[in-house]
Peer 1: 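Quick one: structure below, then a few questions.
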Amino acid sequence: MAENNKLERYNPAEVEKRWQQQWDAQRVFDVDENSTKPKYYLLEMFPYPSGRLHMGHVRNYSIGDTLARLKRMRGHNVLHPMGWDAFGMPAENAAIANKTHPAKWTYENIDYMRGQFKKMGFSYDWRRELATCDVSYYRWEQLVFVKMWGKGLVYRKNTTVNWCDKCQTVLANEQVEDGKCWRCDSEVQQKQMYGYFFRITDYAEELLEWTHKLEGWPERVLTMQRNWIGKSYGAEIDFPIEGRDDAIKVFTTRADTLFGSTFMSLAPEHPMAIELSTGTAQEQAVKDFVDRVGRQSFADRADEKQKEGVFTGAYALNPVNGKRIPIYAANFVLMDYGTGAVMAVPTHDQRDFEFARQYGLELVEVIVGPDGPIGESNMTEAYTNYGTLVNSGRFDGMTSDDAKKAIPAWLEEQGKGKQTINYRLRDWGISRQRYWGAPIPMVHCEKCGLSPVKPEDLPVALPLDAELPTTGGSPLPLLDEWVNTTCPVCGGPAKRETDTMDTFVESSWYYARYACPDYDQGPLDPERTNYWMPVDQYVGGIEHAVLHLLYSRFYTKVLRDMGMIKADEPFQNLLTQGMVIKDGAKMSKSKGNVVDPDEMVGRYGADTVRLFSLFAAPPERDLEWSDQGVEGAHRFLNRLWRLGLAVVDSAAGVKAYESGELSPTLDDLHRKTHETIKKVTEDAERFQFNTAIAALMELVNQVSLVEQDESLAGDPQRAAVLREAVEATVTMLSPMAPHITDELWNRLGYDGLLLEAQWPVWDDQALAKAEKQVVFQINGKVRGKAMLPADADDETLKQTALGDAKVAKFIGEKPVKKVIVVQGKLVNIVI
RNA sequence: GCGAGAGUGGCGGAAUUGGUAGACGCGCUGGACUUAGGAUCCAGUCCUUCGGGGUGGGGGUUCGAGUCCCCCCUCUCGCACCA
């Protein structure tokens, strides 16, 4: 339709601001538990308040917000909260660099980012906002810590830990990636230190079991967690040490090869390595070796392809045949796994084979495959397959499978070993030698030792008047006034623990606290928590597959076992969204390919940015940022705006189409409207926002054609059908682009907000077509098409196909062998 | 090495149970309107010798394969001396 009078231009800045104020004023995002609707808890991983949002955040939260709004429109009582993962290193670094305080820096960032969230139009219940650095939050974490101490779920030990020198702190195993610090990427070293540990290994079995029940999680994440937990079935076997009363315990998954064990290998950190060599000629050699290997970083040691070791001077006795075997310390044995000692079977383990060849150690073949014995001297590599036992005394002739049970059972009768299960998972080291974290509520007393702070004396508030040393360390040990306290047991002088907790502890339970952020009687208000938990849909990055997502699962189970929560698992369904990339690489300052959300929102408005980030790729996949693609999304909204206003104009006072005869063009649009409702509804349920948006674009394209069709000028149903189409479009687009749609909805004559409107329902009758296109194939290739009545029977379809001119041309003189008819779709003629 | 996932136009990506490959968008080409347009609207846009041929390569199942099966190649991610 010609634009005779100037239509008002789409001005996102003005429209978006106005509607954000409306939503705020009407408090439409507030929710409580008093609802008859089914509850739905939608949560996105909360951000670290780094300063400003990046595109990855925008994508994550746009996906989440679309789901939250959609679920609400579809009749759920939706909890959708936001908060801040506010403790952590960057605040300390920034504070030193800017000569400010981490608290000031953090809270200023929070204020700025909250503003950015509001400008995006995200539907958060801001009454529930929390920041983990608030005492009102971490005080409850300290209480849980003290209770965990009471239950033996926390302990302190002196052990080898991962140390990041740049961050000046210890890291958990999960926080070391490829031998490097997960935050700053610098090489991680091994260091002997005291630290607190959460006994996550107590829950290894349950954590593993539930990975088979979390049907709403991506298989990828579950597999990663299973591998991380690393359950393996095997045996623990005691090897007595020659000339001593004690024994060295080994773990093996191949007890069937026990008779072939001709030496033993210890991890360099194994306490026996030094002890056994003391006083022997090997003493100095072992010390040198342990010292040298021990100083190598994780990564360096893993890179070491060369098997290397040193004889300790001592011998062990193979418990099954009394064979005297030398004990070595070896660089490839991990103290972390099993018992730190390995029964070496060079014939059937490749590492042991290489080691044996290097040091001239004995080989005894005890497993024979279908091709018969290889012969020790012929072996060029270890035979690691299962087979039949030989040279194994009473077990000769047994299969590996049977022997793996029979040998440990036999050992157990004699008290020399047993079948066992080993996990790769280690306890979670939560001590951080940092300032900006929740203080660990423990006290050191010279008389009484280590005691937890009494619950009634909590919280142990982090002193905020600290000045950060420029060296990068924690100021806490220097704060005498804070450190000096009294012993909770004897009342005498004592010192506070100066380690703080890993920030992953805070993020391990924030989701539950959102149910009751104001509760002051304990960590969680049982009633509200159990109403909302578990989270129905969690949305976040894959990078937390074994960090946050494993810790949270553990912590939920701990809280459950303390009676604080009923849920077994925190997150029912998990959506892991892909990264935002530009020019083929993840956006980063160093690559110079960063797109700033503020700038984009300033230029195009939040609706455009949201729409593009949903349209450009399905959620789980990486999204390639494209400035031209953003333009495209913006064009679409402009188009919708113009058509919307045109319909507002021409269909004022007209109701959306309900019934009555329609001319063919209008009937097509009416049908398209209902097809689109069906498609968008189904796609959105499956999180396929990209195709949902594509469907809406198609509908808008068709509206545009009808709107311009002058032959319909006098059609009495024109306005009603156009209104129906535009209303459906606006309603269904509103979860993705909430501002422009509320504005158009309002101009279409509705007072309320789309968030509170009814999601459209498609009419199956409207979908029915009188005629359907049927495809004619010959040998599977399309040779013709025709419009036929939708209810035409198979025989009619067949005859029409055979009668088709093009089809006849292709058949020619050849005999028709077979005809396949698919109702209402195609006819395939085989010749 | 082990495990998981993915290979479709110039690009991002569609194709829900095997049934018209390339929806939608970007880009590009042409046109309309216009003083002008990087606004808007319309048309076209996989290749083609016009017979056909096309979803990383090769084989198979089927009336019919992007989709199912087997082999191979490439890429991404995770784990990586786990005894």
Side-chain angles (χ1 to χ4, degrees), chain A residues 1-3 9 177-179 218-228 230-232 234 250-254 257 261 265 267 301-307 330-334 336-345 348-352 354-355 384 422-424 542-543 545-546 578-579 611-612 615-618 620-633 635-636 638-639 642 679 682-683 686 688 690-698 700-701 704-705 708 773-785 817-822 825-831:
Chain A
M1 174 165 283
E3 297 185 18
R9 282 196 60 185
E177 294 171 350
D178 209 14
E219 195 51 43
R220 198 151 77 106
V221 175
L222 294 173
T223 310
M224 279 161 79
Q225 293 212 353
R226 279 179 213 131
N227 290 343
W228 191 261
K231 180 180 185 176
S232 54
V250 303
F251 172 77
T252 181
T253 53
R254 290 296 302 272
T257 66
S261 181
S265 309
R301 223 200 280 189
D303 279 348
E304 201 75 65
K305 291 283 177 281
Q306 191 66 35
K307 303 279 174 287
N331 67 343
F332 64 92
V333 182
L334 307 171
D336 245 15
Y337 185 78
T339 62
V342 178
M343 62 170 225
V345 184
H348 306 294
D349 180 282
Q350 186 57 25
R351 292 154 303 182
D352 296 342
E354 287 168 30
F355 193 86
T384 55
N422 188 62
Y423 298 92
R424 183 182 172 279
I542 187 83
E543 66 273 17
V546 283
M579 287 186 303
L611 194 68
F612 174 73
F615 178 61
E620 328 77 58
R621 262 207 252 183
D622 285 351
L623 182 152
E624 170 79 32
W625 190 266
S626 151
D627 292 334
Q628 285 163 331
V630 180
E631 294 269 1
R635 260 202 293 275
F636 170 68
N638 263 301
R639 194 169 153 85
R642 283 192 307 272
K679 172 136 181 80
E682 289 171 354
D683 282 359
R686 300 202 315 265
Q688 295 193 6
N690 54 333
T691 49
I693 293 167
L696 289 167
M697 286 173 167
E698 283 188 55
V700 167
N701 288 344
S704 173
L705 291 177
Q708 290 175 85
Q773 190 183 54
V774 177
V775 175
F776 303 144
Q777 295 183 333
I778 291 174
N779 292 344
K781 292 199 169 73
V782 180
R783 298 301 187 195
K785 297 169 189 181
K817 282 193 201 155
K818 199 172 171 185
V819 179
I820 287 119
V821 179
V822 180
K825 253 187 184 165
L826 67 82
V827 179
N828 190 17
I829 299 160
V830 187
I831 56 174

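First the proteins, then the strands, lettered A, B, ... as listed; each starts at 1.
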Peer 1: By the 4.0 Å heavy-atom rule, please label A/Val775 as base, sugar-phosphate, or nothing.
Peer 2: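 The answer is base, as A/Val775 lies within the cut-off (heavy atoms under 4.0 Å) of a base atom.
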Peer 1: Aromatic ring centroids of A/Phe636 and A/Phe615 under 6.0 Å?
Peer 2: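 Between A/Phe636 and A/Phe615, the centre distance exceeds or equals 6.0 Å.
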Peer 1: Given the P atoms of B/A23 and B/G44, what is the spacing between them in whole Å?
Peer 2: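 Nearest-Å result for B/A23 against B/G44 at atom P: 12 Å.
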Peer 1: Sticking with atom C1', work out how far B/G78 lies from B/G57, rounded to a whole angstrom.
Peer 2: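 Straight-line distance between the two C1' atoms is 27 Å.
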Peer 1: Checking side-chain contact (heavy atoms from CB on, under 4.5 Å) for the pair A/Phe776/A/Leu826: CA distance, chi angles, key distance, verdict?
Peer 2: CA-CA 6 Å; A/Phe776 303 144; A/Leu826 67 82; over 6 Å; no
Peer 1: Please measure how far the P atom in B/C11 lies from the corresponding atom in B/C33, and state the result in whole Å.
Peer 2: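 To the nearest whole Å, 35 Å.
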Peer 1: How many Å lie between CG on A/Asn638 and P on B/C41, as a whole number?
Peer 2: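 Rounding to the nearest Å, CG of A/Asn638 and P of B/C41 are 9 Å apart.
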Peer 1: Judged by atom type as modelled, is there a donor-acceptor pair below 3.5 Å linking the side chain of A/Asp622 to the main-chain atoms of A/Met579?
Peer 2: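 Between the backbone of A/Met579 and the side chain of A/Asp622 there is a qualifying donor-acceptor contact (under 3.5 Å).
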Peer 1: Output the rounded distance in Å from NZ (A/Lys817) to P (B/G64).
Peer 2: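 In whole Å, B/G64 P and A/Lys817 NZ are 10 Å from each other.
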Peer 1: Can you give one letter per nucleotide of nucleotides 42-47 of chain B, going 5' to 3': B for a protein heavy atom under 4.0 Å from the base, S for sugar-phosphate only, - for none?
Peer 2: S-----
Peer 1: Over how many whole Å does the gap from A/Phe636 atom CZ to B/U40 atom P extend?
Peer 2: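 Taking atom P of B/U40 as the reference, CZ of A/Phe636 is at 14 Å.
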Peer 1: Between A/Val775 and A/Val827, is a side-chain contact (heavy atoms from CB on, under 4.5 Å) present by the stated rule, with each step listed?
Peer 2: CA-CA 6 Å; A/Val775 175; A/Val827 179; over 6 Å; no
Peer 1: Detail all sub-3.5 Å separations between protein N/O atoms and N/O atoms belonging to nucleotides 10-14 of chain B.
Peer 2:
residue, atom, partner, partner atom, Å
B/G12, O2', A/Ala616, O, 2.7
B/A14, OP1, A/Asn690, ND2, 3.1
B/A14, OP2, A/Arg621, NH2, 3.2

Peer 1: With rounding to the closest Å, how many angstrom separate the C1' atoms on B/G22 and B/G66?
Peer 2: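 Pairwise C1' distance, B/G22 against B/G66, rounds to 11 Å.
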Peer 1: Stems in RNA chain B: runs of 3 or more consecutive Watson-Crick or G-U pairs, distances under 3.5 Å?
Peer 2: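 Detected stem regions: B:1-7 with B:73-79, B:10-12 with B:24-26, B:27-32 with B:40-45, B:56-60 with B:68-72.
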Peer 1: Would you say the side chain of A/Glu620 lies within less than 4.5 Å of the side chain of A/Ile542, judging by non-hydrogen atoms?
Peer 2: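 Of all side-chain heavy-atom pairs linking A/Glu620 with A/Ile542, none is under 4.5 Å.
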Peer 1: Quick one: closest heavy-atom pair of A/Leu334 and A/Ala267, and the distance?
Peer 2: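 Here A/Leu334 and A/Ala267 meet closest at C-CB, 3.8 Å.
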Peer 1: Provide the distance between the two P atoms, one in B/G53 and one in B/A21, to the nearest whole Å.
Peer 2: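 Roughly 12 Å separates the two P atoms.
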Peer 1: Could you state the CD-P distance from A/Glu698 to B/C24, rounded to the nearest angstrom?
Peer 2: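 These atoms are roughly 5 Å apart.
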Peer 1: Just so I know, are the side chains of A/Arg686 and A/Asp683 near enough to count as touching, which here means a heavy-atom distance under 4.5 Å?
Peer 2: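 The answer is yes, as the side chains (C-beta and beyond) meet within the 4.5 Å cut-off.
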Peer 1: Would you mind calling B/G12 syn or anti? Take O4'-C1'-N9-C4 for purines or O4'-C1'-N1-C2 for pyrimidines, and syn is within 90° of 0.
Peer 2: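 Anti, which is what one calls it when the glycosidic angle falls more than 90° from 0.
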Peer 1: Could you encode protein contacts along nucleotides 78-83 of chain B as a string, one character per nucleotide from 5' to 3', using B for base contact, S for sugar-phosphate-only contact and - for no contact, with a heavy-atom cut-off of under 4.0 Å?
Peer 2: SSSBBB
Peer 1: What nitrogen or oxygen pairs link the protein and nucleotides 27-36 of chain B at under 3.5 Å?
Peer 2:
residue, atom, partner, partner atom, Å
B/G27, OP2, A/Arg635, NH2, 3.2

Peer 1: Describe the nucleic acid contact of A/Glu682 in one word from base, sugar-phosphate, nothing, applying a heavy-atom distance below 4.0 Å.
Peer 2: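 Answer is base: heavy atoms of A/Glu682 come under 4.0 Å of a base.
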Peer 1: Roughly how far apart, to the nearest Å, are B/C47 and B/A39 at atom P?
Peer 2: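 These two P atoms come out 25 Å apart once rounded.
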Peer 1: Please classify B/G54 as syn or anti, treating any glycosidic angle within 90° of 0 as syn.
Peer 2: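 Anti, since the glycosidic angle lies more than 90° from 0.
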Peer 1: Rounded to whole Å, how long is the line connecting atom CG of A/Leu611 with atom P of B/C26?
Peer 2: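 Distance, rounded to whole Å: 12 Å.
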Peer 1: Any side-chain heavy atom of A/His348 sitting closer than 4.5 Å to one from A/Thr384?
Peer 2: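 Not touching, per the 4.5 Å side-chain cut-off.
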Peer 1: Without hydrogens or angle criteria, can the side chains of A/Arg9 and A/Asn638 be said to hold a donor-acceptor pair below 3.5 Å?
Peer 2: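 No, no side-chain donor-acceptor pair sits under 3.5 Å.
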Peer 1: So, does A/Thr257 use its side chain to make a donor-acceptor pair with the main chain of A/Val345 at under 3.5 Å?
Peer 2: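 Side chain of A/Thr257 to backbone of A/Val345: no pair is present.
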Peer 1: Is A/Arg639 atom CZ crowded by more than 12 heavy atoms from other residues, nucleotides or ligands, each under 6.0 Å away?
Peer 2: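 Enclosed: over 12 neighbouring heavy atoms sit under 6.0 Å from CZ of A/Arg639.
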Peer 1: With a 4.5 Å cut-off on side-chain heavy atoms, are A/Thr691 and A/Lys679 touching?
Peer 2: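 SC-SC contact between A/Lys679 and A/Thr691 confirmed.
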Peer 1: Using atom C1' in both nucleotides, what's the gap between B/A15 and B/C24 to the nearest angstrom?
Peer 2: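 Rounded to whole Å, the distance is 12 Å.
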Peer 1: Over how many whole Å does the gap from A/Met697 atom CE to B/C26 atom C1' extend?
Peer 2: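 The answer, rounded to whole Å, is 10 Å.
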Peer 1: Before you tell me yes or no, could you show the steps for A/Asn227 and A/Arg424 under side chain to side chain donor-acceptor pair (under 3.5 Å), namely the whole-Å CA-CA distance, both residues' side-chain angles and the distance that decides it to 0.1 Å?
Peer 2: CA-CA 8 Å; A/Asn227 290 343; A/Arg424 183 182 172 279; over 6 Å; no
Peer 1: Does NZ or CZ of A/Lys231 lie under 6.0 Å from the centre of the six-membered ring of A/Tyr423, at an angle within 45° of the ring axis?
Peer 2: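 Because its charged atom misses either the 6.0 Å distance or the 45° angle limit, A/Lys231 does not stack over A/Tyr423.
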Peer 1: NA contact type, A/Gly632, heavy-atom cut-off 4.0 Å: base, sugar-phosphate, or nothing?
Peer 2: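 Contact class for A/Gly632: sugar-phosphate only.
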Peer 1: Send over the distance from A/Leu826 CG to B/A15 C1', rounded to a whole Å.
Peer 2: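 After rounding, the gap between these two atoms is 15 Å.
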Peer 1: Check whether any side-chain heavy atom of A/Val630 sits under 4.5 Å from a side-chain heavy atom of A/Trp625, and report yes or no.
Peer 2: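 The answer is yes; the side chains approach within 4.5 Å.
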Peer 1: Rounding to the closest angstrom, what is the interatomic distance between B/G7 and B/A14 at atom C1'?
Peer 2: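 It works out to 16 Å between them.
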Peer 1: For A/Arg635, give me all partners under side-chain hydrogen bond (donor to acceptor under 3.5 Å, both in side chains), at least two apart in sequence or on another chain.
Peer 2: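 For A/Arg635 there are no side-chain hydrogen bond (donor to acceptor under 3.5 Å, both in side chains) partners, ignoring immediate neighbours.
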Peer 1: Would you kindly give the CG-to-C1' distance between A/Asn828 and B/G18, to the nearest whole Å?
Peer 2: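 For the pair A/Asn828 CG and B/G18 C1', the rounded distance is 13 Å.
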Peer 1: So, A/Arg226 and A/Glu219, do they make that salt bridge, N to O below 4.0 Å?
Peer 2: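 Salt bridge present between A/Arg226 and A/Glu219.
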Peer 1: Starting at CG of A/Asp352, measure out to CD of A/Gln350 and round the result to the nearest 0.5 Å.
Peer 2: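 It is 9.5 Å, given to the nearest 0.5 Å.
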